[in-house]
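Every chain is numbered from 1 and lettered A, B, ... according to where its sequence line falls, protein lines coming before strand lines.
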Amino acid sequence: MPELPEVETIRKGIMPHVQNHKVQEVVIRQSKLRWPVSPELREEMTGQYITSVQRRGKYLLLGTAGGTLLVHLGMSGSLRILAHNQVPQKHDHIDIVLEGSKLLRYTDPRRFGCMLWLRGDIYSHELLRSLGPEPLGMDFSGAVLFQKSRLRKTPVKSFIMDSHVVVGVGNIYANEALFLAGINPRIAAGKIARQRYQTLVRCIKDILQQAIELGGTTLRDFTDSDGKPGYFKQALRVYGRAGLPCTSCHQKLKEIRLGQRSTVYCTRCQR
DNA sequence: ACTTCGACCTGTTGGC
DNA sequence: TGCCAACAGGTCGAAG
């Protein structure tokens with residue numbers, strides 16, 4: 001579920017429920033996530049006011065005066081706002097219980113996500129320090145991609161999915177952006193011209209922006225049950241459509257694997 | 001410095 | 001219907 005547009009939608013969805021609210025209790029039912037969840041999370045976050053809800057790439061950052069909760073949803077994680085009396089289910093690992101009537105519940109069947117309590121300057125933390133630019137920010141441009149890609153032999157799809165190059169471009173949107181840009185995903189990143197990177201950057205920004213706007217409408221209410229976004233299903237041009245006709249030229253879409261990830265493209269439209 | 005690959009998990013799907 | 005392998009929206013870190 002979580003690519004950048006989903007994470008941004010979740011951020012906007014939970015913000016009004018958690019910002020300026022006081023943490024009454026932190027319940028850790030399962031501490032074995034990608035990294036162990038430290039008891040310090042409970043010890044130090046309890047009693048704090050959540051002052052900010054930010055996003056960096058696919059990380060969510062809940063700021064307090066005493067530290068920051070860094071959340072990543074991995075492949076299967078989700079966050080929901082629920083009532084205090086909602087009974088936890090099998091994969092409901094952590095609750096941030098707020099004063100009043102609500103709690104923020106972290107659910108993650110595969111447990112590839114993480115919840116880390118950080119103190120001090122969070123941007124100097126290992127996980128955040130060397131991240132590339134935000135794809136929707138001003139400092140993500142064709143010039144940047146072009147410059148970073150010189151001499152790199154890795155396929156352009158793997159390249160744009162590398163968080164040190166640019167954050168937040170996951171498998172779905174990498175496939176979609178390359179289709180829109182008309183670029184074959186297996187071309188070596190270092191062999192792509194500056195001009196084409198400008199096109200690619202425009203496509204990445206467009207597809208992410210569009211997905212955020214759609215996500216915003218279907219996932220507006222975070223007090224609902226699982227808000228599983230069905231929004232992009234219809235908008236997807238290549239992802240999940242291997243063997244089906246290209247929406248542009250009707251050629252059968254091809255599926256290959258790049259970096260162990262499913263890659264779908266049109267051999268006629270993407271060169 | 002760059003690339004590849006295993007690892008972390010559970011749930012779902014498709015083939016036999 | 002059941003069983004088993006393959007695969008799934010991520011990404012770190014080790015090894016080459």
In plain terms, say whether [X] and [Y] are close enough for a salt bridge, that is, a side-chain N and a carboxylate O under 4.0 Å apart.
X: Glu134(A); Y: Arg56(A); result: yes
X: Lys102(A); Y: Asp95(A); result: no
X: Glu25(A); Y: Arg42(A); result: no

Would you tell me if any nitrogen or oxygen in the side chain of [X] comes within less than 4.0 Å of OP1 or OP2 on [N]?
X: Tyr239(A); N: dG9(C); value: yes
X: Arg257(A); N: dA6(C); value: no
X: His164(A); N: dA1(B); value: no

Of the options [options], whose atoms approach the side-chain atoms of [X] most closely?
X: Thr154(A); options: dT4(B), dG10(C), dC5(B); answer: dT4(B)
X: Glu6(A); options: dC12(C), dG9(C), dG11(B); answer: dG9(C)
X: His72(A); options: dG9(C), dT11(C), dT10(B); answer: dT11(C)
X: Arg111(A); options: dC9(B), dC12(C), dG9(C); answer: dC9(B)
X: Lys58(A); options: dG11(B), dT11(C), dT3(B); answer: dT11(C)
X: Gln260(A); options: dC5(B), dC9(B), dG9(C); answer: dC5(B)

Round to a whole Å and report the spacing from [atom1] of [X] to [atom2] of [N].
X: Arg261(A); N: dG10(C); atom1: CZ; atom2: C1'; value: 6 Å
X: Lys148(A); N: dT3(B); atom1: NZ; atom2: C1'; value: 17 Å
X: Tyr59(A); N: dG9(C); atom1: OH; atom2: P; value: 18 Å
X: Asn175(A); N: dG9(C); atom1: CG; atom2: P; value: 9 Å
X: Asp108(A); N: dC9(B); atom1: CG; atom2: P; value: 12 Å
X: Asp92(A); N: dT10(B); atom1: CG; atom2: C1'; value: 14 Å
X: Arg186(A); N: dT3(B); atom1: CZ; atom2: C1'; value: 17 Å
X: Ile172(A); N: dA8(C); atom1: CD1; atom2: P; value: 11 Å

Mind checking [X] for me? I need base, sugar-phosphate or nothing, with any heavy atom below 4.0 Å counting as a touch.
X: Ser262(A); answer: sugar-phosphate
X: Phe159(A); answer: nothing
X: Leu127(A); answer: sugar-phosphate

ask   = In Å, rounded to the nearest 0.5 Å, how long is the span from OG1 of Thr68(A) to CD1 of Ile50(A)?
value = 11.0 Å
task = Could you tell me the separation between the OH atom of Tyr197(A) and the CZ atom of Phe159(A), rounded to the nearest 0.5 Å?
result =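 The CZ atom of Phe159(A) is 5.0 Å from OH of Tyr197(A), to the nearest 0.5 Å.
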task = Can you see which heavy atom on Ala174(A) is nearest to which on Met161(A), and at what distance?
result =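 The answer is CB-CG, 3.7 Å.
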task = Could you say whether the aromatic ring of Phe112(A) and the base of dC9(B) stack, counting only centre distances under 5.5 Å and plane angles under 30°?
result =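 The ring of Phe112(A) is not stacked on dC9(B).
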Integer angstrom distance from the [atom1] of [N] to that of [M]:
N: dC9(B); M: dC4(C); atom1: P; answer: 22 Å
N: dG9(C); M: dT3(B); atom1: C1'; answer: 23 Å
N: dC5(B); M: dC7(C); atom1: P; answer: 15 Å

query = Does atom CZ of Arg119(A) have more than 12 heavy-atom neighbours from other groups under 6.0 Å away?
reply =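 Counting neighbours around CZ of Arg119(A), 12 or fewer heavy atoms of other residues, nucleotides or ligands fall under 6.0 Å, so no.
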query = Is a donor-acceptor contact shorter than 3.5 angstrom present between the side chain of Arg34(A) and the base of dT11(C)?
reply =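 Flag set: donor-acceptor pair detected.
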Toward the 5' end of DNA chain C, by each residue's nearest nucleotide, Gly168(A) or Arg110(A) = Arg110(A)
task = Anything under 30° is parallel, anything over 60° is perpendicular, the rest tilted; go ahead and classify Tyr106(A) against His93(A).
result =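 Ring orientation of Tyr106(A) relative to His93(A): tilted.
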DNA chain C base-pair string [pairs: Watson-Crick or G-U under 3.5 Å; |: paired with another strand] = .|||||||.|||||||
request  = Using the ring of Phe146(A) (Phe, Tyr or Trp, six-membered ring only), decide whether Arg150(A) places NZ or CZ under 6.0 Å from its centre and within 45 degrees of its axis.
outcome  = yes
